[in-house]
Amino acid sequence: MKALSKMVVVLAVLAAAIVALVWWDRQVEPEGAGTVAATRVDAQSLRDRQQRHADAREGDGQVLYGDLHVHTTFSMDAFVWALPLMHGPGARPPADACDYARFCSSLDFYAHTDHSESLTPRHWSMIKDTVRACNDAAGPADNPDVVAFLGWEWTQMGNTPETHYGHKNVILYETAEDRVPRRPIIAGGIAYNAMRVNSLPFTDRFVGPYLTDFENRDRQFLQDDKRMELASIPTCAQDVNSRDLPADCIEFATEPADLFRKLDEWGGDALVIPHGTTWGYYTPPGSSWKKQLTRKQHDPRRQKLIEIFSGHGNAEEYRDWRAVAYDADGGLVCPEASDDYLPCCKRAGQIIRSRCDDPDSVDCAARVAEVESNYLKAGRAGHLVVADVQPEDWLNCGQCTDCFMPPLNHRPASSVQAIMAYNNPDEVDDDGGALRFRFGFIGSSDNHAAEAGTGFKQVNRHTSTEARGAANELVQKRFVDAAKPTGDPARPRSFELGNTPYNFLQIAETERQASFFYTGGLVAVHAPTRTRDAIWDALQRKEVFGTSGPRMQLWFDLVGADGTRHPMGSELQGSDVPRFRVRALGAFEQKPGCPAWTVDALGDQRIEQLCGGECYNPGDARTPVERIEIVRIRRQQNLDEALEPLIEDPWKVLQCADEGDGCAVEFDDPEYPQIGREVLYYARAIQRAEPTINGAQLRCEFDEQGRCIAVNPCHGDSARTPLDERCLAEVQHRAWSSPIFIRPPAADAAPPG
């Protein structure tokens, strides 16, 4: 009894000491939390940097490169990945995004797009100040060092296909205080709730910092403080015009229609750019972009561009397989496996069958049927219906095995190609025809460490990509392994997503995801000058293209009978045989380290801390372009028409004999006059292969029949994948032009025959 009393006293003293230490820690805010500074450079450094742009201007137009999808540690998820216990780089405030774009990646423009759900009024004010400071430090407005745009990410995650609308970046043209919204508009729902509860156990004030990373406890406390600050902010009234709402409230837009309406209330130019449309780790199986093709949920004035590639993978390609099927009554059915696709519900059944004492028994068959059903009911959390599994056990289920740098669990019905084929004759567009999407294509990074435009070199896997993981065995066991399902490994479990916040480490398949994170893409614009107006105009007219990271150059034009040039993004009407011209240049091969002007501007210590010791540092030689691929997509006649026959990828393959001077080809389409419906064409320029981070994703081992029988994932933690291992594999990087759209005078008439 005395021993028990002594233990109680000891525990009480220990608890009091922890509380006192917590109070003492919080008296000093971590250094750099509020910085909005931007590095200034002297006139000579500015001229040296701009010479790099002059060297890149070849052909009939200037190409400028940017990144319209950049997060800092003001985003809650970015803060978590930045923690040392996740191998993160530490705090990366908005000023770092400006300096990285200018000095590390040497971009011409970037947009600050932190998650709106993470931003308090205080943080939004700091972001606005930083973007203005960046533009001020960048030099004269008629030839700035960089152009910084203000924006945010609208993060919507529905648990069902009917309620899921996905993620969109809102990019604002203006930056002046009286011309931008007083607050970023959030989507609410799962993301909003998750930001305001302790959904990541290691951020707990008493358990996380002291048991797992005592040295960096103050950074974790700041995360907890921010969640409490977010929770204290009231919700804005929903029936009041946005301009009449106070600045210190949270404003919701639960669907795209609400977001467009609120942007209209504010006025001013803004682009809304969808991204991650095929990301399966947050997109429910069975989701489709069909439901967004209405005048209510699509605003063609603002939704002009779509992100085709980012550090989370390639959203381009359509495939006819699905993660879920439906029976005649609309019930969920697990699809059969094919040579190029293994549904994860089928793999769940294979795992359970392998654990049966008698795999051929009736009881085992019942277990297999049950786990397949449970997997489908669990939505994107299906991997939680089998206990005692490792990432390797799932093999390559759910993956697009023949896609270029795909995302985890690719959702083809929401791919860019599917989106571009959809056609809704029940809704009318501004021209009086059937409603359809006419997106231009861009790439961006979606980097969460304030590193805009990370794809210039395949270095620094744990900062240039989102491939993060537990920094030590304690963190792995306490927070990653503890989130894995438990129970009888030979029996199916049940799991259903609700609308309550959940442990992200459970749902997001963080261990398998680490093999599908890349260094990120770029958006390139054809613009006469490096100014805000010129860049914005190019984005508006869709004379833009995306790349998978390297700074390739690409022109794609329709050439009229009179010689008139109609560039990528053009929307045309006619019945003649169209003729096209493509010209492409590979990216400059990179030299190690950083150019002299960067060293002079920042110094070695800052370059190592901010850039990881590597910068955009082009040599004189270009990577050869090996081929040009042309994709042709015919629009549906109605939303029920099958997509696969309409999406011709590739429609043409044009080989290049490029030795570094580029590739130019011409072609026409004699079939177009007989097609009788709108057709769009776009070009892919594909350059010589080079070693690329996570280029082989799960690194399958194949049997003689070509089936994946084992995987070797690139984990985010150092225990299983060394920090200095980049998981390189040969990849042919590419650039995607925006489409050229052509429709006959009777665009909605049925095709002949």
Side-chain angles (χ1 to χ4, degrees), residues 65-71 75 107 109-116 149 151-157 165-171 187 256 259 270-283 287 289 292 298-299 302-318 403-408 410-412 414-420 437-448 451-455 465-466 516-525 535 538-540 542-549 554 568-569 682 684 733-739:
Y65 299 94
D67 188 345
L68 296 178
H69 194 172
V70 184
H71 297 272
S75 288
L107 293 181
F109 60 97
Y110 82 99
H112 192 110
T113 59
D114 272 319
H115 290 290
S116 56
F149 290 97
W152 68 81
E153 179 174 332
W154 184 79
T155 310
Q156 198 275 351
M157 293 188 293
Y165 289 95
H167 300 184
K168 304 175 190 285
N169 284 325
V170 179
I171 313 296
L259 176 63
L271 287 168
V272 178
I273 306 175
H275 67 268
T277 56
T278 59
W279 298 350
Y281 72 88
Y282 83 85
T283 304
S287 293
W289 255 65
Q292 298 199 45
H298 171 53
D299 182 354
R302 301 193 187 277
Q303 261 191 169
K304 294 186 174 185
L305 305 172
I306 192 167
E307 188 180 279
I308 199 168
F309 185 88
S310 78
H312 292 62
N314 175 23
E316 176 194 14
E317 293 163 284
Y318 176 77
C403 287
F404 169 77
M405 297 181 76
L408 178 74
H410 186 70
R411 306 287 192 228
S414 292
S415 65
V416 170
Q417 289 180 342
I419 289 169
M420 302 308 290
F437 298 112
R438 292 194 175 99
F439 288 129
F441 297 166
I442 71 167
S444 281
S445 72
D446 198 5
N447 181 269
H448 282 57
E451 297 183 358
T454 52
T465 80
E466 310 307 309
F516 292 85
F517 286 138
Y518 314 106
T519 53
L522 288 174
V523 50
V525 304
I535 294 168
L539 295 170
Q540 288 282 348
K542 298 180 287 194
E543 197 172 347
V544 301
F545 63 91
T547 88
S548 55
L554 181 61
M568 62 181 77
Y682 68 91
R684 279 194 303 249
H733 285 277
R734 58 202 57 198
W736 298 263
S737 78
S738 285

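Everything quoted here is computed from the prediction, not taken from an experiment. Position 1 is the first residue of the sequence, and the numbers go up from there.
Counting heavy atoms from C-beta outward, F309 and R734 have side chains that stay 4.5 Å or more apart. Residues Q417 and Y682 meet the side-chain proximity criterion, which asks for heavy atoms closer than 4.5 Å. Looking at I171 and T113, their side chains come closer than 4.5 Å, going by heavy atoms from C-beta outward. For the pair D299 and L259, the minimum side-chain heavy-atom distance is 4.5 Å or more. Annotation: side chain of F441 is in contact with side chain of V416 (closest heavy-atom distance under 4.5 Å). Residues C403 and E317 meet the side-chain proximity criterion, which asks for heavy atoms closer than 4.5 Å. In this structure, V272 and K304 have side chains that are not in contact, with every pair of non-hydrogen atoms separated by 4.5 Å or more. In this structure, the side chains of F516 and P407 stay at 4.5 Å or more apart for every pair of heavy atoms.
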_Set out, in order, the CA-CA distance, both residues' side-chain angles and the distance that settles side-chain contact (heavy atoms from CB on, under 4.5 Å) for F404 and S548, then state yes or no._
CA-CA 10 Å; F404 169 77; S548 55; 3.9 Å; yes
*asked:* What verdict does the side-chain contact (heavy atoms from CB on, under 4.5 Å) test give for V525 and E543, after you've listed the backbone C-alpha separation in whole Å, the side-chain angles of each residue and the deciding distance to 0.1 Å?
replied: CA-CA 6 Å; V525 304; E543 197 172 347; over 6 Å; no
*Using the ring pair (Phe, Tyr, Trp, His ring centres under 6.0 Å) rule, take F149 and H112 through it: C-alpha gap first, then chi angles, then the decisive distance, then the call.*
CA-CA 6 Å; F149 290 97; H112 192 110; over 10 Å; no
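Here the straight-line distance linking atom OG of S310 with atom CD of E466 works out to 9.0 Å at 0.5 Å rounding. Between atom OG of residue S414 and atom CD of residue Q292 there is a gap of 8.0 Å, rounded to the nearest 0.5 Å. Atom OG in S738 sits 14.0 Å away from atom CZ in R438 (nearest 0.5 Å). Separating the CZ atom in F517 from the NE2 atom in H448 is a distance of 8.5 Å, to the nearest 0.5 Å. For the atom pair CG (L539) and CZ (F109), the distance works out to 5.5 Å, reported to the nearest 0.5 Å. To the nearest 0.5 Å, the span separating CG on N447 from CG on D67 amounts to 7.5 Å.
The two residues T277 and I306 have their closest heavy-atom pair at CG2-CD1, 4.2 Å. The shortest heavy-atom contact between S415 and T278 is CA-CG2, 3.4 Å. For the residue pair E307 and N169, the shortest heavy atom distance occurs at OE1-ND2, 4.3 Å. The shortest heavy-atom contact between F437 and M420 is O-CE, 3.8 Å. Across G166 and Y282, no two heavy atoms sit closer than the pair CA-OH, 3.9 Å. Between S445 and V70, the closest heavy-atom pair is OG-CG2, 4.5 Å.
When L554, N314, I442 are each tested for a side-chain contact (heavy atoms from CB on, under 4.5 Å) with W736, only one passes: N314.
Listed for the Q156 side chain is a donor-acceptor partner under 3.5 Å among the backbone atoms of Y165. The backbone N or O of T283 sits less than 3.5 Å from a side-chain atom of R411, completing a donor-acceptor pair. Distance alone, capped at 3.5 Å, is enough to place a donor-acceptor pair between the S444 side chain and the L68 backbone.
Judged by distance alone, the side chains of E153 and H167 do bring a donor and an acceptor atom under 3.5 Å apart.
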